[in-house]
Amino acid sequence: MRRFQFRFPVGTRMACLAVLALVPATVAASPAIADPGTPGIPAAPRIVFSEEFENGQGATPILVTGYTGPAPVNATYTADPAWLTACNGIIASQSNPAAPPPIGVPCAGFWGSVRQLAGVLGQWAGNDPATNHAVTAYTNGASPGANKVQLETVNPIDIGAASRFITFSVDAASVNCFTNHAKLGFYLLDGATVIPTFSSPIDPCDNPGTVVSGIAVGTYTSDAPVLFNGSQVGIRLVNLQPSGIGNDAAFDNVRILDVTPQLDVGYSPGSTEVGQSAKLILTVTNTSDLREKNGWSFKVALPDGLKVAAGAPVTTCAAPAVTAPAGGGTVTVAGGLAAGATSCTVEVKVTASSAGEYTTCAQDVSQRVGINAPGCASVTFVPPILSFDAHAHGGKVHAPLINIGPLAPSDLSCTVTPGSDDATIAGATLSTLGSLGIITTEASGVTGPAGLRTAKARATTADLSLLGGLVTAKEIKAEAAATEDSTGAVTTTGSVHLTQLKVNGATITNPTVNQTINIPLVARIVINERTPYGAGKGIAVNAIHITTVAGIDIIVSHAHASLTTPGQPCPTP
């Protein structure tokens, strides 16, 4: 037999056309949409409406127009008069009395077959065949005419939200397959818009799941879900077979299924350095029906401080359209899932110029069409891992005939590993140039709680007397530090602390940076000497720097520190 095809009016939404699978399909008994956080693992469809025609039914058969479904929907139904006569439109069961019911036109000798249709549908669904109820039709030779409504909801059914992928499932059975077959066409109603769920009608005779006592039976599910605009849906069943010869069928377990894909967000790697990039991974996971889902879309607003990095997005989705301009803070995605696809992904590179944790949650995803909101995902950008370099000593002398020091040196030399070094000596004699008391030094590299790095050096010298008492002090201290901020930029600081410093008889307190004192024919003395180096990523501090006219160079309490890029030589002052 040639398969019946349809032509629809121009106003019908053909773009949303769905096709009924003409083979049995399994529907989970208690399915649920996947929770966020299981990307790539399909969940079962969610049943948003189910009608089993059992509410309040017992041994007395009734017409479907007198039936009310269970709460909270309390669905009621209507039908064309042609399908409410001649043993049609009866909610029947094998538990009904053997005598034909006095409703519509009596079923005469066909009432037993009507009851048997309901029983076979119950057996197929795993229910008790003796008590299962179904909407039956046995034309008894009376031709109903083509395209008449066998069942339609009186009021629309709330499906919870708009812009969902909706599909349809029904159990159907036919008898007398040797003659004219019932041709069942189900539609979804979005207000006045009629949306077909098939391209070929349901015909259990031609496509049975099984045959029981001459009755063809199966479950038939749309294999191309509809992206449904509204939040309320109606159902319409039309029989396209006009003849009353044959055309004997029943249906049960009418279901509307939500098969909307699940969106998940993720970042890889979960942690990277400021200035580097991570991937924002958007995973769209199908439901377990694995049907084609085209036309979903959404927009992701990145958290403050996180931006799209250079590089084209990469996607495995069907018919993708991804908008993610470099430097921008939003990613807009539209696309589809091919039939059989478990999931698809969109990958967009992102970066941050400041250290911190950046989190994307459901509230950051807007303009969702045909997709479920995600859970939360985070990426952490840490400060760059810079090399520590820190050095300190209490003093040194360089002269044409003499070299002393550095004294009590402490060194942390060009390493990414935090650490420290320290030294102490009781004192030192600088030949004929003078003497120094206790010297303590320390060099260190530390990483703070936020991952920020600091290199420090400190040198303290006590009881100094130089150049025959021309320069004396109770104590002098030099400190140098290089610290990175959350952007990876390096800031340097230096300081000098003086106790009872006298130069040529004058007391020096709070000297300015690089304060210079010239003693004619003797020496040039620089106090609080600071010199940046390493392109501003390092600083050297000398508490006192003396240069004599005889070419003698004396430094007391020296510290220098820097933070530099690993793999490159550390600069020196």
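Hydrogens, waters and symmetry mates play no part in the numbers below; they use all other heavy atoms, side chains included.
Panel note: side chain E54, backbone H133; a donor-acceptor pair is recorded below 3.5 Å. Although no hydrogens or angles enter the test, the distance criterion places a donor-acceptor pair under 3.5 Å between the side chain of S143 and the main chain of G244. For the pair N132 (side chain) and G119 (backbone), a donor-acceptor distance under 3.5 Å is absent. Judged purely by atom type and a 3.5 angstrom limit, N96 has no side-chain atom pairing as donor or acceptor with the backbone of A92. When atom types are taken as modelled, the side chain of N286 and the backbone of R291 share a donor-acceptor pair closer than 3.5 angstrom. Without hydrogens or angle criteria, E484 side chain to R453 main chain gives a donor-acceptor distance under 3.5 Å.
Using cut-offs of 30° and 60° for the angle between ring planes, the F198 and Y187 rings count as perpendicular. Taking the six-membered ring where tryptophan is involved, the planes of F251 and F53 are perpendicular, since the angle between them exceeds 60° and thus also 30°.
Counting only heavy atoms from C-beta outward, the side chains of Q57 and I62 approach each other to under 4.5 Å. Residues E51 and Y67 have side chains in contact (heavy-atom distance under 4.5 Å, counting atoms from C-beta outward). Taking 4.5 Å as the limit, every side-chain heavy atom of V254 sits out of range of all side-chain heavy atoms of L237. Annotation: side chain of D206 is in contact with side chain of H181 (closest heavy-atom distance under 4.5 Å). Considering only heavy atoms from C-beta on, T272 comes within 4.5 Å of F381 through its side chain. By the 4.5 Å heavy-atom criterion applied to side chains, E152 and L189 are counted as neighbours. By the 4.5 Å heavy-atom criterion applied to side chains, T76 and T153 are not counted as neighbours. The shortest side-chain heavy-atom distance between I235 and F186 falls under the 4.5 Å cut-off.
Checking D203, N180, L184 one by one against Q241, the side-chain contact (heavy atoms from CB on, under 4.5 Å) holds for a single residue, N180. Considering T78, T136, V135 as possible partners of V64, the one that fulfils the side-chain contact (heavy atoms from CB on, under 4.5 Å) test is V135. Partner of V346 under the side-chain contact (heavy atoms from CB on, under 4.5 Å) criterion, chosen from T316, T283, V322: V322.
A donor-acceptor contact closer than 3.5 angstrom is absent between the side chains of N229 and D190. A donor-acceptor pair shorter than 3.5 Å can be found between the side chains of W124 and T219. Under the 3.5 Å distance criterion, with hydrogens and angles disregarded, no donor-acceptor pair is assigned to the side chains of S343 and T285.
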Inset, instruction - With side chain to side chain contact (heavy atoms under 4.5 Å, CB included) as the test, would you mind laying out the steps for V284 and F298 before giving the verdict? - result: CA-CA 11 Å; V284 178; F298 56 89; 4.3 Å; yes

Inset, instruction - Apply side chain to side chain contact (heavy atoms under 4.5 Å, CB included) to W296 and T260, showing your working. - result: CA-CA 9 Å; W296 46 259; T260 302; over 6 Å; no

Inset, instruction - Just do the side-chain hydrogen bond (donor to acceptor under 3.5 Å, both in side chains) check on N88 and T139 with the steps written out, would you? - result: CA-CA 6 Å; N88 298 326; T139 53; 5.7 Å; no

Inset, instruction - Assess whether side chain to side chain contact (heavy atoms under 4.5 Å, CB included) is satisfied between I90 and W111, documenting all intermediate values. - result: CA-CA 10 Å; I90 299 173; W111 177 237; 4.2 Å; yes

Inset, instruction - Give the C-alpha distance, both sets of side-chain angles, the deciding distance and a yes or no for side chain to side chain contact (heavy atoms under 4.5 Å, CB included) between T287 and K293. - result: CA-CA 10 Å; T287 45; K293 312 282 169 61; 2.9 Å; yes

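The number of heavy-atom neighbours closer than 6.0 Å to NZ of K299, taken from other residues, nucleotides and ligands shown, is 12 or below. Counting heavy-atom neighbours within 6.0 Å of D304 CG, excluding the residue itself, gives a total of 12 or less.
In this structure, CD on Q232 lies 9.0 Å from CG on N155, to the nearest 0.5 angstrom. Separating the CG atom in D258 from the CG atom in N372 is a distance of 6.5 Å, to the nearest 0.5 Å. The distance from atom OG1 of T345 to atom CG of D264, rounded to the nearest 0.5 Å, is 12.0 Å. We find the CG-CG distance between N127 and D252 to be 7.5 Å, quoted to the nearest 0.5 Å. Between S174 atom OG and N207 atom CG the span is 10.5 Å, to the nearest 0.5 Å. To the nearest 0.5 Å, atoms CG (L121) and CD (Q116) are separated by 11.0 Å.
The heavy-atom pair separating I215 from A173 by the smallest distance is CG2-CB, 3.8 Å. Summarising the geometry of T221 relative to S169, their closest heavy-atom pair is OG1-OG, 3.4 Å, with the distance given to 0.1 Å. The shortest non-hydrogen separation linking L290 to A341 is CD2-O, 3.6 Å. The two residues G58 and S95 come nearest to each other via the heavy atoms O-OG, 3.8 Å. Between A377 and G266, the closest heavy-atom pair is CB-CA, 3.8 Å. Minimum heavy-atom separation, P196 to V226: O-CG2, 4.4 Å.
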